[in-house]
2 protein chains.
Amino acid sequence: MARTGRPREFDRDRAIDAAMALFWSQGYEPTSLTQLKSCMGNISPASFYAAFGSKEALFREVVQHYLATYGQVMAPLGDESLAPRDAIERTLRGSAAMQSARAHPCGCLIVAGASNCSPENEPVQALLAKERQRTRAGFRACVKRAIASGELRDCPATEVLPDIFTTFLHGMTCEARDGVRSENLEAAITSLLTLWDASAVVPGTGKHPKNF
Amino acid sequence: MARTGRPREFDRDRAIDAAMALFWSQGYEPTSLTQLKSCMGNISPASFYAAFGSKEALFREVVQHYLATYGQVMAPLGDESLAPRDAIERTLRGSAAMQSARAHPCGCLIVAGASNCSPENEPVQALLAKERQRTRAGFRACVKRAIASGELRDCPATEVLPDIFTTFLHGMTCEARDGVRSENLEAAITSLLTLWDASAVVPGTGKHPKNF
DNA sequence: TCATATATGGAACAATCGGTACATATATGA
DNA sequence: TCATATATGTACCGATTGTTCCATATATGA
């Protein structure tokens, strides 16, 4: 059953897509209402506020849309049907490819979407910080799972793996924006993962790998 | 010989220090002239513009001041009197400690000082991007030097080391701001450096280390 | 003493910020 | 047909943005 009232004359989903591109490349605060209305097809302020409520509310919707689409490169991290190492590798490689793709702004919206904020917009910063915290927890859980399953030894070198992966992941935003190529990030990830292998238990031996 | 004219009534150096703290924590665009004048002791617009010229000119001065002080944690990277591995280790550890110190805003001004910008302030972004490019070149030069001196083997795993260290370094800004502790970053660096050691040539053998 | 040079306080600038008011247009459901 | 509900266009809101103007204050050098 269709809704009553005059129908909207612009495509709300496409508008959110366009707003995402703006917020993604410029960040929350520098993106003005004028730019937003313009990228939605020069809609009026009345149309904007009727549809989205406020700039902040739109941003929150954009973040949700991002997490449901581009942000899904992080999905393997929480997929317990994957082997922990595989989950981490897929996450890092997927994120590297996504962040350096040319079809959209470089880097990660969750990392850079509100990195410059005046005090009054701290809630917006907190929204993204909370998501990053989820990522950190994801890496930690993955490593913990690998230790529990006997894939990783329980040693100091293993404990730092989550911080290494998280820091590298977040650093890719800066690199991708600065023009570092996808292949370079991929190669770096390959090398990074040898740190995992160095703490891995070789099946059967219960010890660390010999050729390393 | 002292300058002619009425003397300035506020301390210009302290003002730049205070402005640096503001730009560091909020970034270039969200920091307003009102905040800047306020942190300098409620000076008048006339005093501000007479002393600094413009907001952008002040920011450029602030960046220079930052590079000359806190930014000096990067100095070892260009110090050819240090062994390459030592130079990189000192750089990473120094930056980790600086970025997570409580006495000033967390993270790195060069990474986060203008990460959210409207198109009109692209020159400001470019200023910082240029400095980050210098850092990348520094890591590359360090690794190149180590290969030339025979400290590192010349292999694919060695080639990616600069990207790994640079990405990690830049990622620390996000981590420090999110409250990751200095000790965690330090431990991660210790582990990261084993990637160097894995590509290192053991003195006398000309091959890679045995215990690894 | 007086010209010159610089700094200051205060008022004001046009432009933009995010957001609102209100009358009008266009749909559905009764 | 008419009440209800939603969207739109236009005008406008006060606040803030970075910046400029100008008269005045205070120093140095001649």
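Side-chain atoms are counted along with the backbone in the values below, which use heavy atoms only and exclude waters and symmetry mates. As the structure is a computational prediction, the values presented were derived from the model and not from experiment.
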TODO: Rounded off to whole Å, could you give me the CZ-to-C1' distance for the B:Phe59 and D:dT19 pair?
DONE: 19 Å
Task: B:Leu33 CG to B:Ser38 OG distance, which is reported to the nearest 0.5 Å - done: 11.5 Å
- [ ] Scan B:Phe52 against the nucleic acid and name what it touches under 4.0 Å (heavy atoms): base, sugar-phosphate only, or nothing.
- [x] nothing
Task: Spacing between A:Gln35 atom CD and C:dG19 atom P, to the nearest angstrom - done: 15 Å
TODO: Give a yes/no answer on whether the side chain of A:Ser54 brings an N or O atom under 4.0 Å of OP1 or OP2 in C:dG18.
DONE: no
TODO: Report yes if a donor N or O on one partner sits less than 3.5 Å from an acceptor N or O on the other, where the partners are the side chain of B:Arg8 and the base of C:dA7; otherwise report no.
DONE: no
Task: Pair assignment for DNA chain D - dot-bracket with | for other-strand partners, Watson-Crick or G-U under 3.5 Å - done: ||||||||||||||||||||||||||||||
- [ ] Could you list the residues that satisfy side-chain contact (heavy atoms from CB on, under 4.5 Å) with B:Gln35, not counting sequence neighbours?
- [x] A:Pro119, B:Leu22, B:Gln26, B:Thr31, B:Ser32
Open item on the list: Tell me whether the side-chain N/O atoms of A:Thr4 come closer than 4.0 Å to OP1 or OP2 in D:dT4.
Closed with: no
Task: Atom-pair distance (CD on B:Glu120; P on D:dT17), nearest Å - done: 14 Å
Open item on the list: Both B:Tyr28 and B:Pro7 contact DNA chain D. Which one's nearest nucleotide lies toward the 5' end?
Closed with: B:Tyr28
Task: Spacing between B:Glu9 atom CD and D:dT24 atom C1', to the nearest angstrom - done: 12 Å
TODO: Check whether any side-chain nitrogen or oxygen of B:Ser44 sits under 4.0 Å from OP1 or OP2 of C:dG9, and answer yes or no.
DONE: yes
- [ ] Send over the distance from A:Tyr49 OH to D:dA7 C1', rounded to a whole Å.
- [x] 16 Å
TODO: Classify the side-chain pair A:Glu29/A:Asn121 by whether it contains a donor and acceptor separated by less than 3.5 Å.
DONE: yes
TODO: Grab the CG-P distance between B:Leu58 and D:dT19 for me, whole Å please.
DONE: 10 Å
- [ ] Examine the side chains of B:Gln99 and B:Thr173 and answer whether a donor and an acceptor come within less than 3.5 Å of each other.
- [x] yes
Task: Along DNA chain C (nearest heavy atom to each residue), the more 5'-positioned of B:Pro45 and B:Arg6 - done: B:Arg6
Open item on the list: Output the rounded distance in Å from CZ (A:Phe48) to C1' (D:dT8).
Closed with: 15 Å
TODO: Select from A:Asn42 and B:Ser32 the residue whose nearest nucleotide in DNA chain D is closer to the 5' end of that strand.
DONE: A:Asn42
Task: Cationic tip of A:Arg14 above A:Phe10 ring, under 6.0 Å, 45° of axis - done: no
- [ ] Tell me, with the steps shown, if B:Thr190 and B:Arg93 meet side-chain contact (heavy atoms from CB on, under 4.5 Å).
- [x] CA-CA 9 Å; B:Thr190 300; B:Arg93 291 198 192 282; 2.9 Å; yes
Task: Between A:Phe168 and B:Phe168, ring centroids under 6.0 Å - done: no
Task: Phosphate OP1/OP2 of D:dG29 contacted by B:Arg3 side-chain N/O (<4.0 Å) - done: no
TODO: Nearest whole angstrom, please: distance from the P of D:dG18 to the CD1 of B:Ile43.
DONE: 14 Å
Task: Which nucleotide in D:dA7, C:dT8, C:dG18 has an atom nearest any side-chain atom of A:Leu33 - done: C:dG18
Open item on the list: Classify B:Thr31 by what it touches in the nucleic acid, base, sugar-phosphate, or nothing, heavy-atom distance under 4.0 Å.
Closed with: sugar-phosphate
Task: Stacked cation flag A:Lys55 on A:Phe23, 6.0 angstrom / 45 deg - done: no
